Participant: 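Got a structure for you, written out below as structure tokens; questions coming shortly.
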Amino acid sequence: MKIGKDTIATLEYTLRYDGPDGEVIEQYTDDDPTEVLVGRGVLLDILEKNLQDLEPGDGFDFLIDEEQGYGAYDEEKVVQFPEADLMAEVPEKERVELKVGEFIPIMDMEGKHYEALVVDKQGGMVTLDFNEPLAGETLHFRGRVLEVRPASEEEIKMALDE
């Protein structure tokens with residue numbers, strides 16, 4: 001079976017910054033592969049395009065530049081908030097210490113959810129970065145398709161609800 005819409009592809013791959021010799025970002029192996037739903041917008045469009053029609057045993061090796069990937073890094077998405085304001089809506093028993101380098105969930109006034117990286121914390125102020133973690137990066141994917149099968153309705157629903 002080929003990778004196409006509403007298929008689950010089991011992959012082993014290495015994702016690196018910049019090229020085949022770049023720093024490893026993520027790695028899945030034969031012994032610990034990943035499964036991805038294809039054709040429902042869960043993956044980057046360019047990633048789905050590059051995996052399209054591959055079959056078990058096929059290899060892949062491609063670069064994704066920042067424009068095809070997660071876009072350019074946007075300094076305007078780095079903002080400061082008073083820590084007290086961030087914690088005001090969190091029930092006291094659920095409050096945790098904000099730590100630099102950790103991602104935290106944020107909900108805006110309209111109820112939309114975001115993830116933000118805590119990049120600094122000083123003098124009662126917290127600096128958060130709302131950029132996609134891989135924004136501004138060129139990504140190199142190299143791997144192999146291990147298995148392809150039809151996705152179940154439940155798998156499609158679960159993936160779309162995330």
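Keep in mind the model is a prediction, meaning the values are calculated, not measured.
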Participant: For Asp58, check side chain to side chain contact (heavy atoms under 4.5 Å, CB included) against everything at least two apart and list the hits.
Facilitator: Leu54, Glu55
Participant: Please check: side-chain N/O of Glu155 versus main-chain N/O of Ser152, any donor-acceptor pairing under 3.5 Å?
Facilitator: yes
Participant: Might you point out which heavy atoms bring Glu115 and Phe130 nearest each other, and give the distance in Å?
Facilitator: O-CD2, 4.0 Å
Participant: Do Asp61 and His140 have side-chain N/O donor and acceptor atoms under 3.5 Å apart?
Facilitator: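 The criterion, which ignores hydrogens and geometry beyond distance, is satisfied for His140 and Asp61.
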Participant: Do you know the tightest heavy-atom contact between Leu11 and Phe60?
Facilitator: CD2-CE2, 4.1 Å
Participant: List the atom of Ala72, the atom of Glu66, and the distance in Å for their closest heavy-atom pair.
Facilitator: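 Where Ala72 meets Glu66 most closely, the heavy atoms are CB-OE2, 3.2 Å.
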Participant: Does the side chain of Leu128 come within less than 4.5 Å of Leu117's, by heavy atoms?
Facilitator: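 Side-chain contact under 4.5 Å: no.
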Participant: Determine the minimum heavy-atom distance between Ile3 and Ala9, stating which atoms define it.
Facilitator: CD1-CB, 3.8 Å
Participant: Does some side-chain heavy atom of Asp6 sit less than 4.5 Å from a side-chain heavy atom of Arg40?
Facilitator: yes
Participant: Just by distance, no angles: are the side chains of Thr14 and Gln27 close enough, under 3.5 Å, to form a donor-acceptor pair?
Facilitator: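 The answer is yes; a qualifying pair exists.
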Participant: State which residues pass side chain to side chain contact (heavy atoms under 4.5 Å, CB included) with Gln122; sequence neighbours excluded, sorted by chain then number.
Facilitator: Asp120
Participant: Would Leu15 and Val38 show up in the same hydrophobic cluster when neighbours are defined by side-chain heavy atoms closer than 4.5 Å?
Facilitator: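 As far as the 4.5 Å side-chain criterion goes, Val38 and Leu15 are connected within one cluster.
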Participant: Does Leu139 form a side chain to side chain contact (heavy atoms under 4.5 Å, CB included) with Leu63? I'd like the steps, not just the answer.
Facilitator: CA-CA 6 Å; Leu139 307 173; Leu63 283 174; over 6 Å; no
Participant: Any idea how Phe141 and Phe62 line up, ring-wise: parallel (<30°), tilted (30 to 60°), or perpendicular (>60°)?
Facilitator: parallel
Participant: If the threshold is 4.0 Å, N to carboxylate O, is there a salt bridge linking Asp30 and Arg144?
Facilitator: yes
Participant: Are Met1 and Leu51 grouped together when hydrophobic residues (ILVMFWY) are joined by side-chain heavy atoms under 4.5 angstrom apart?
Facilitator: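 Same cluster: Met1 reaches Leu51 through Ile, Leu, Val, Met, Phe, Trp or Tyr contacts under 4.5 Å.
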Participant: Show your reasoning for whether salt bridge (charged side-chain N to carboxylate O under 4.0 Å, His left out) applies to Lys77 and Asp129.
Facilitator: CA-CA 6 Å; Lys77 291 183 177 180; Asp129 185 345; over 6 Å; no
Participant: So that I can tick it off, tell me whether Glu35 and Arg149 are bridged by a salt bridge, with the cut-off set at under 4.0 angstrom between side-chain N and carboxylate O.
Facilitator: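 Salt bridge between Arg149 and Glu35, a charged N being under 4.0 Å from a carboxylate O: yes.
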Participant: Given side chains that start at C-beta, do those of Ile106 and Leu86 come closer than 4.5 Å, heavy atoms only?
Facilitator: yes
Participant: Are Tyr28 and Ile8 in one and the same hydrophobic cluster, where Ile, Leu, Val, Met, Phe, Trp and Tyr link if side-chain heavy atoms are under 4.5 Å apart?
Facilitator: no
Participant: Answer yes or no: is there a side-chain heavy-atom contact under 4.5 Å between Pro105 and His113?
Facilitator: no
Participant: For Glu48 and Val42, work out which heavy atoms get closest and say how close.
Facilitator: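 Looks like OE2-N, 4.0 Å.
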Participant: Can you tell me how far CD of Gln52 sits from NZ of Lys5, rounded to the nearest 0.5 angstrom?
Facilitator: 10.5 Å
Participant: When you measure from the side chain of Asp65 to the backbone N and O of Glu67, does any donor-acceptor pair fall under 3.5 Å?
Facilitator: yes
Participant: Let me check something: do Tyr73 and Tyr17 share a hydrophobic cluster, defined by ILVMFWY side-chain heavy atoms less than 4.5 Å apart, either directly or through other members?
Facilitator: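 Different clusters: Tyr73 never reaches Tyr17 through Ile, Leu, Val, Met, Phe, Trp or Tyr contacts under 4.5 Å.
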Participant: Are Tyr13 and Ile64 in one and the same hydrophobic cluster, where Ile, Leu, Val, Met, Phe, Trp and Tyr link if side-chain heavy atoms are under 4.5 Å apart?
Facilitator: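 Yes, one cluster joins them.
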Participant: Are Ile104 and Val118 side-chain neighbours, meaning at least one heavy-atom pair lies under 4.5 Å?
Facilitator: yes
Participant: According to side chain to side chain contact (heavy atoms under 4.5 Å, CB included), who are the partners of Glu97, at least two apart in sequence or on a separate chain?
Facilitator: Lys99, Lys121
Participant: Would you mind reporting whether Asn131 and Val78 have side-chain heavy atoms less than 4.5 Å apart?
Facilitator: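 Counting from C-beta outward, Val78 and Asn131 do come under 4.5 Å.
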Participant: Contact between Val119 and Val100 at the side-chain level, heavy atoms closer than 4.5 Å - yes or no?
Facilitator: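 No, side chains not in contact.
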Participant: Work out which heavy atom in Lys2 is nearest to a heavy atom in Thr7; give both atom names and the distance.
Facilitator: O-CG2, 3.9 Å
Participant: Please tell me if the side chains of Pro133 and Tyr70 come closer than 4.5 Å, counting only heavy atoms from C-beta onward.
Facilitator: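 Counting from C-beta outward, Pro133 and Tyr70 never come under 4.5 Å.
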